[in-house]
Amino acid sequence: MPITNGQEYIASLRNRNLKVYLFGKLVKEPVDHPMIRPSINAVAETYDLANDDPSIASAESSLSGKRVNRFLHIAENVTDVVNQNKMQRKLGQLTGTCFQRCVGMDALNSLYSTTFEIDEKYHTPYHERLKEFIKKIQEENHVIGGAMTDVKGDRSLSPSQQEDPDLFVHITKRDEKGVYVTGAKAHQTGCINSHWILVMPTMRLREEDKNYAIVGAVPADAEGITYIYGRQSCDTRSMEEGDLDSGNSKYSGQEAMIIFNNTFIPNELVFMDGEYDYAAMLIERFTCYHRRSYVCKTGLGDVLIGAAASISDYNGVANASHIKDKLVEMTHLNETIFGTGVASSFQSYKTKAGNYQNDDMLANVCKHNVTRFPYEISRLAQDIAGGLVVTMPSEKDFRSPETGPLLEKYLKGRKGVSIENRVRVLRLIENMTLGRNAVGYLTESMHGAGSPQAQRIQIARQMQLEYKMKLARKLANIPETEAEELAKEHSDYFDRIFGLKKES
Ligand SMILES: Cc1cc2nc3c(=O)[nH]c(=O)nc-3n(C[C@H](O)[C@H](O)[C@H](O)COP(=O)(O)OP(=O)(O)OC[C@H]3O[C@@H](n4cnc5c(N)ncnc54)[C@H](O)[C@@H]3O)c2cc1C
Ligand code: SF4
């Protein structure tokens, strides 16, 4: 039965055979665990938005001939890619956290074009298999977790050079029905809330790494998979009585480590097997999509700007000129992220497979902004919030007959503002800048889709310095510059800007 809304999605996660460890113990039913449930609620929003606003959160798929959730849609035109960003901003606004479904969306789209090109060279059956898989998950409306990042051991060594071969996921054996993989993936967003895990290589590979060039889909509860839940700052507040101290009691992100121990992937779900020379293409296309998917953080930025404006109002300083200016600065930074991300999507072009891929330069600039601006926005939010954001007593103190009245008296803000509301908005700022959802707003912004240096490498690759030097030298009347040569040198980036290149 296809999943049609958030409640059905939550029900679909029950009674599975997942082996999830949290605090050293197996979790009986993740859906009912108070620390895990907020992350499930965040994914449920991706289903409900598809019903509430189908124009941005769903799409007509020519693969299945049906209207499908946009997270499972292969982008068929530029508008589809742009709408991914609109959906991500909206969901960020609705949840104030990571809603976990974009890694799967970006993985499917990058695999769509990469499998086509692998087949073209090696006459393999991957593209057709992938299309069948996509049709099936579109039909069932499933969540796909994208498992790329290996635990990696010594970062200066390639997969096959590691002392322990399991530090990167690799094929351990094969039979006529499929392959078996062992290894571990770190920081896996929403994996326990997924129906499927899509395993992919994490880095450019060489011939000696052939066994590591494996892409395949496995059900999240397949035999041989163990999950170890990642702790988030202040996460156990979700297990306390009341909802005040958690700041955002309904929603959170989720990361866990996935350990594969000879996990079986049947042939029909294998989409790369040994084509090491295509690992880089897959990773570059995935990170290109995913780095502009980080406009999700502008939805969180909208919430934090709103929280900062609210606390300034509650504190009676909303009209101070420096407060207004700080809110303008926060908005400027937030919209700069959105501007670069959505521009990257608007510059999408058609791949050989027929789907659409966004612009790499602008995607990397977007993600690089994301590694910095949310930290500055958070700094300004804490500035506006005042020190109480980190010194507030607990909900129990507010509810206690002894301390409650004292706090009511001494934590007053502007006349007419309830103290509880003041505390609630301060807790939300704490949640997003220091607490549970700072994982999503800050450190995920830093490292998710690649640490800052990864973007600088991509920007450097495409910045076309020689061409820019020639532009300068020509205008400066430096004789060595030849106008003819200048006209010849193009990059994909400028070709797309000037409309000279529309397809890959
Ligand atoms: C919250 C969160 C969610 C995530 N979700 C997912 C997910 O759903 N799926 C997924 O596949 N991945 C996910 N990631 C993983 C993310 O892509 C990685 O964190 C990122 O690629 C960095 O890898 P790392 O964490 O192992 O850090 P490291 O690789 O250890 O990097 C640490 C530092 O070392 C530097 N460094 C690393 N290697 C080298 C080298 N060879 N030479 C020089 N410098 C080096 C880096 O630039 C960085 O400054 C997530 C990460 C986070 C934090
Ligand atoms: S960090 Fe953003 S882009 Fe990545 S899965 Fe979470 S919400 Fe989506």
Side-chain angles (χ1 to χ4, degrees), residues 39 42-43 45-46 49 70-71 84-85 87-107 109-110 143-159 161-162 167-169 183-194 197-204 215 227 230-233 251-258 282-283 286-287 289-301 337-338 341 345 363 366-368 370-371 374 436-458:
S39 70
V43 182
E45 285 296 327
T46 67
L49 187 67
R70 189 170 294 286
F71 283 104
Q84 293 176 343
N85 283 155
M87 169 177 76
Q88 286 158 330
R89 183 153 191 175
K90 188 69 177 170
L91 284 165
Q93 291 179 344
L94 293 172
T95 62
T97 190
C98 166
F99 37 87
Q100 306 150 49
R101 252 182 123 175
C102 324
V103 190
M105 174 177 78
D106 296 337
N109 274 277
S110 44
V143 174
I144 312 297
M148 185 168 264
T149 309
D150 288 282
V151 288
K152 295 188 293 199
D154 182 337
R155 270 73 175 145
S156 68
L157 302 178
S158 71
Q161 289 170 337
Q162 302 284 335
L167 292 174
F168 287 78
V169 172
K185 296 285 185 184
H187 327 294
Q188 295 303 299
T189 294
C191 51
I192 290 151
N193 302 340
S194 301
I197 304 294
L198 198 47
V199 179
M200 298 170 283
T202 199
M203 63 194 288
R204 183 177 289 272
V215 177
Y227 299 88
R231 286 217 69 173
Q232 296 176 323
S233 167
Y251 302 114
S252 77
Q254 173 190 91
E255 295 82 29
M257 180 182 286
I258 312 181
L282 174 63
I283 293 156
F286 169 78
T287 51
Y289 281 122
H290 206 46
R291 286 178 187 168
R292 60 83 236 201
S293 279
Y294 270 68
V295 300
C296 66
K297 305 303 177 204
T298 60
L300 277 68
I337 294 171
F338 190 71
S345 297
C366 171
K367 174 68 211 322
H368 207 53
V370 172
T371 66
R436 202 164 182 190
N437 286 323
V439 172
Y441 192 50
L442 298 180
T443 317
E444 188 170 48
S445 294
M446 175 74 82
H447 289 293
S451 314
Q453 185 59 16
Q455 291 107 58
R456 294 187 88 84
I457 291 169
Q458 283 301 99

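All ligand and atom numbering here is 1-based and tracks the order in the structure.
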Exercise for the section: Would you please say whether a donor-acceptor pair under 3.5 Å links the side chains of Gln232 and Glu255? Expected result: yes
Practice task
Just need the protein heavy atom nearest to atom 22 (C) of ligand 1, so name the residue and atom and give the distance.
Solution key: Ser451 OG, 3.2 Å
Problem - Protein residue, atom and distance nearest to atom 28 (P) of ligand 1, heavy-atom basis - result: Arg155 NE, 3.7 Å
Handout entry: Proximal candidate to atom 47 (O) of ligand 1 [heavy atom criterion; set Gln453, Lys152, Gln455]
Key = Gln453
Handout entry: Within-shell test, Ala449 vs ligand 1, heavy atom, strictly < 4.0 Å
Key = yes
Practice task
Tell me, please, if Cys102 has any N/O/S atom, main chain or side chain, under 2.8 Å from atom 6 (Fe) of ligand 2?
Solution key: no
Practice task
Using a strict 4.0 Å threshold on nitrogen-to-oxygen distance, state whether Arg291 and Asp106 make a salt bridge.
Solution key: no
Exercise for the section: Would you mind checking which non-hydrogen protein atom is closest to atom 15 (C) of ligand 1, with the distance to 0.1 Å? Expected result: Thr149 OG1, 3.1 Å
Handout entry: Candidate pair Leu91 and Cys296, rule side chain to side chain contact (heavy atoms under 4.5 Å, CB included), full reasoning
Key = CA-CA 7 Å; Leu91 284 165; Cys296 66; over 6 Å; no
Problem - Met200 side, atom CE; Ser110 side, atom OG - distance, nearest 0.5 Å - result: 6.5 Å
Practice task
Could you tell me whether some N/O pair between Val439 and ligand 1 is separated by less than 3.5 angstrom?
Solution key: no
Handout entry: Element-labelled atoms of ligand 1 that are located less than 4.0 Å from some non-hydrogen atom of Glu255
Key = 1 (C), 3 (C)
Practice task
Starting from atom 4 (C) of ligand 1, find the nearest protein heavy-atom neighbour and note its residue, name and distance.
Solution key: His187 O, 3.1 Å
Practice task
Can you confirm whether something in the protein, heavy atoms only, sits under 4.0 Å from atom 18 (C) of ligand 1?
Solution key: yes
Practice task
State the atoms of ligand 2, each with its element, that fall below the 4.0 Å cut-off from a heavy-atom position in Cys296.
Solution key: 1 (S), 2 (Fe), 3 (S), 7 (S)
Fill in the blank from the handout: All heavy atoms of Leu167 vs all of Gly153, minimum pair found to be CD1-CA, 3.7 Å
Handout entry: Worked verdict on Glu444 versus Lys297 for side chain to side chain contact (heavy atoms under 4.5 Å, CB included)
Key = CA-CA 10 Å; Glu444 188 170 48; Lys297 305 303 177 204; 2.9 Å; yes
Handout entry: For Ser156 against Gln161, the heavy-atom pair lying closest together
Key = O-OE1, 4.4 Å
Exercise for the section: Give the numbers and elements of all ligand 1 atoms closer than 4.0 Å to a heavy atom of Val103. Expected result: 8 (O)
Practice task
Can you sort out which atoms of ligand 2 are near Cys98, meaning under 4.0 Å from one of its heavy atoms?
Solution key: 1 (S), 5 (S), 6 (Fe), 7 (S)
Handout entry: Asn437 and Ser252: side chain donor to acceptor below 3.5 Å
Key = no
Problem - Close-contact set for ligand 1 against Met148 heavy atoms, below 4.0 Å - result: 10 (C), 11 (O)
Problem - Any non-hydrogen protein atom less than 4.0 Å away from atom 45 (C) of ligand 1 - result: no
Problem - side chain to side chain contact (heavy atoms under 4.5 Å, CB included) between Tyr441 and Val370, intermediate numbers included - result: CA-CA 9 Å; Tyr441 192 50; Val370 172; over 6 Å; no
Practice task
State the OG1-CE distance between Thr46 and Met105, to the nearest 0.5 angstrom.
Solution key: 10.5 Å
Exercise for the section: Could you go through the side chain to side chain contact (heavy atoms under 4.5 Å, CB included) check for Val199 and Lys185 one step at a time? Expected result: CA-CA 9 Å; Val199 179; Lys185 296 285 185 184; 4.1 Å; yes
Exercise for the section: Could you verify whether a donor N or O on one side chain and an acceptor N or O on the other, from Ser233 and Arg436, lie under 3.5 Å apart? Expected result: no
Exercise for the section: Answer yes or no: does atom CZ of Arg231 have more than 12 heavy-atom neighbours from other residues, nucleotides or ligands under 6.0 Å? Expected result: yes
Exercise for the section: For ligand 1, indicate whether the residue Thr189 contacts it via side chain, backbone, both or neither (heavy-atom separation under 4.0 Å). Expected result: both
Practice task
Establish whether atom 35 (C) of ligand 1 and some protein heavy atom are separated by less than 4.0 angstrom.
Solution key: no
Practice task
Verify the distance criterion only: is there a donor paired with an acceptor across the side chains of Asn193 and Gln100 at less than 3.5 Å?
Solution key: yes
Fill in the blank from the handout: Near Gly450 (heavy-atom distance under 4.0 Å), the atoms of ligand 1 are 17 (O), 21 (O)
Problem - Sub-4.0 Å atoms of ligand 1 with respect to non-hydrogen atoms of Gly146 - result: 7 (C), 8 (O), 9 (N), 10 (C), 11 (O)
Handout entry: Non-hydrogen protein atom less than 4.0 angstrom from atom 41 (N) of ligand 1
Key = yes
Handout entry: Proximal atoms of ligand 2 relative to Lys297 (non-hydrogen, under 4.0 Å)
Key = 1 (S), 2 (Fe)
Practice task
Write out the residue and atom name of the closest protein heavy atom to atom 20 (C) of ligand 1, then the distance separating them to 0.1 Å.
Solution key: His447 O, 3.2 Å
Exercise for the section: Could you list which atoms of ligand 2 come closer than 4.0 Å to a heavy atom of His290? Expected result: 3 (S), 4 (Fe)
Handout entry: Numbered atoms of ligand 2 (with element) below 4.0 Å of Ser293, judged on heavy atoms
Key = 3 (S)
Handout entry: Under 3.5 Å: N/O of Ser156 near N/O of ligand 1
Key = no
Exercise for the section: Could you tell me whether Lys185 approaches ligand 1 through its side chain, its backbone, both or neither, with non-hydrogen atoms closer than 4.0 Å? Expected result: neither
Problem - Qualifying residue for side chain to side chain donor-acceptor pair (under 3.5 Å) with Ser293, from Gln84, Gln88, Arg101 - result: Gln88
